[in-house]
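See structure below.
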Amino acid sequence: MIEFRNVNKTYSTGTEAVHNANFKIEKGEFAFLVGSSGSGKSTLIKMILKEEDPTSGNIIINGKDTTFIKSRRIPYLRRSMGVVFQDFRLLPDKTVYENVAFAMYIVRATPKHIRRQVPMVLSLVGLSGKAKMYPNELSGGEQQRVALARALVNNPSMLIADEPTGNLDPDTAWEIMNLLNSINLRGTTVVVATHAKDIVDKMKKRVIQIDKGIIVRDDKKGGYDSEL
Amino acid sequence: MNYNILSYLIGEGFKNVFRNKKSTFAALIIMFATMITVGIGLAGARNVTSMVKQLEEEVPVTVYINDGLSTSEQQEVEDYIKSIESVNKVEYTSKAEALKEAKEKLAENAELLSQYSENNHPFPASYTITLTDINKSQDVVNAINSVEDIKEKIKEIKTPDTVISGLNRIDRGIKFLFFGIGALLIVVSIVIIGNTIKLAVHARRREISIMKYVGATNNFIRAPFIVEGVVIGVLATAISILLLGVLYHLAYNKFNGMLITNIGFGMLQFGDIFQITMLVYIVLGVGIGVLGSVFSMKKYLKV
Ligand SMILES: Nc1ncnc2c1ncn2[C@@H]1O[C@H](COP(=O)(O)OP(=O)(O)O)[C@@H](O)[C@H]1O
Ligand SMILES: [Mg+2]
């Protein structure tokens with residue numbers, strides 16, 4: 001589903017953010033990307049999203065090498081993945097419903113399909129009662145749920161989350177992680193970059209650890225830092 | 001593309017136009033200035049071209065004689081002209097007829113000449129000469145000027161060459177001046193409208209980056225901003241064509257009579273140049289709008 005082959009990334013500033021990364025995340029898997037700040041987690045995610053290109057190496061998504069994909073095709077690649085970020089990235093002047101529907105509008109879904117799909121995904125993330133509210137009327141956890149609903153509404157085959165709990169208190173972080181887990185159990189591949197050590201430890205999922213751009217550990221049912 | 005998407009794109013475009021009133025206004029002003037400049041150049045050039053064409057169809061040489069010549073003196077001139085090689089036909093227009101003709105040409109503006117009487121007016125009697133060969137007009141002029149006795153009875157000789165080359169020079173001058181300034185203003189317009197769109201894009205960069213993550217195509221993201229540019233262009237077109245019409249009528253009222261008296265041809269009606277001007281304006285308005293928005297969006301479409 002997501003495969004990195006000898007991937008290197010050096011930014012134009014000269015920073016080598018990723019050095020010879022090799023890993024493969026299978027369909028339906030749940031994987032954590034862990035590592036301290038500046039270790040290269042976001043860079044890995046940006047390369048999956050095709051927001052950054054690797055300096056060398058190949059990235060294979062859903063069986064297709066995206067290294068030389070035409071820029072015209074990138075939007076269609078992105079439609080196969082949902083993304084959430086630490087800062088939620090909601091549109092403040094749109095309601096919860098509109099924020100989610102927006103993602104469907106953009107991929108030209110029919111109004112009928114939108115009317116059916118949005119309430120369904122809002123109920124999946126537990127926000128059925130808040131469809132008409134605006135982001136600033138919601139808690140951080142609820143805002144991240146809206147972002148999750150938006151990421152999932154077009155039924156992507158994978159969900160990519162870059163520090164989704166970074167702005168949340170521990171209890172709320174747990175709620176979001178459990179939600180990610182249940183999304184994974186419905187068949188969506190989930191990749192989560194995170195700092196949240198205790199959560200990673202307790203969830204016993206696959207852990208890919210990166211340190212200064214180098215993948216130092218890839219543990220099938222690991223904790224955050226178990227062997228180092 | 002289904003109807004809902006189309007109405008979404010156009011709706012967003014219009015919203016942008018009114019969201020950024022100040023910069024929209026600036027873009028409108030500069031496009032308006034561009035269009036008026038190009039419009040004046042176009043109207044001027046069209047008029048000169050039409051005059052040249054009319055002149056070319058006219059009889060080649062007109063010899064205006066001095067006032068107060070005796071009948072025998074006139075006969076002398078006429079006989080001499082008839083004797084010149086390559087002169088085909090000579091037609092006399094008396095001073096009285098000259099005034100009548102001038103009034104006819106002015107038509108509804110004839111009252112401009114009401115101060116003149118049949119014997120006291122600036123239009124001289126003349127001989128209108130048709131040539132056997134249209135290219136020999138300069139020979140005829142030389143022949144007349146070579147005989148001192150005839151030359152002193154002549155007030156002025158008009159050949160189409162002198163008038164046409166003069167008009168052609170004016171034509172080139174107008175084109176050079178107005179289209180030169182116009183081209184400069186077009187560039188400035190593209191930059192300023194680009195800036196307007198850039199502000200609109202900047203205000204919505206969050207939305208755009210979300211659109212990109214969700215998989216919106218560049219064309220989908222660009223479309224509302226192109227609509228915004230085009231809407232500004234079309235607004236500028238509408239204002240400009242109205243004002244140009246008003247300016248043209250003012251100029252027509254002021255100069256048409258004068259031109260007819262002096263060179264015998266009047267200005268075109270605004271209706272005659274409306275179509276071409278409208279066409280140029282729409283191309284300019286839409287073109288500047290589209291170019292400005294496409295250039296200014298490049299940066300934001302990366303990611
Ligand atoms: N756009 C960029 N240009 C230059 N250097 C960058 C850029 N993005 C990240 N970096 C650098 O690459 C390294 C890895 O950053 P990042 O992938 O954001 O780490 P993490 O997400 O693990 O905190 C850091 O040293 C960071 O400063
Ligand atoms: Mg990061």
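Labels below follow one simple rule: chain letters A, B, ... track the order of the sequence lines, proteins then strands, and each chain is numbered from 1.
- For L90(A), the part sitting under 4.5 Å from any heavy atom of chain B is the backbone (N, CA, C, O) and nothing else.
- Heavy atoms of P92(A) lying under 4.5 Å from chain B belong exclusively to its side chain.
- In this structure the side chain of Y213(B) never reaches within 4.5 angstrom of the side chain of M81(A), judged on heavy atoms.
- The nearest pair of heavy atoms linking R206(B) to R89(A) is NH2-CA, 3.6 Å.
- To the nearest 0.5 Å, atom CG of residue L49(A) and atom NZ of residue K212(B) are 12.0 Å apart.
- For the pair A216(B) and I106(A), the tightest heavy-atom approach, listed with the atom from each and the gap, is CB-CG2, 3.1 Å.
- Within a 6.0 Å radius of CZ in F23(A), more than 12 heavy atoms belonging to other residues, nucleotides or ligands are found.
- Not one N or O on the side chain of R78(A) forms a donor-acceptor pair closer than 3.5 Å with the backbone of V214(B).
- F220(B) and Y105(A) get closest at one heavy-atom pair: CZ-O, 4.0 Å.
- Put simply, of I210(B), I221(B), N218(B), N219(B), the one with the most heavy-atom pairs under 4.5 Å next to chain A is I210(B).
- Within 6.0 Å of NE2 in H202(B) there are 12 or fewer heavy atoms belonging to other residues, nucleotides or ligands.
- With a 6.0 Å radius and a threshold of 12 heavy atoms from other residues, nucleotides or ligands, F25(B) has its CZ atom at or below the threshold.
- Of the two parts of K46(A), neither the backbone nor the side chain holds a non-hydrogen atom closer than 4.5 Å to a non-hydrogen atom of chain B.
- Of the atoms belonging to R150(A), it is side-chain heavy atoms, and not backbone ones, that fall under 4.5 Å from chain B.
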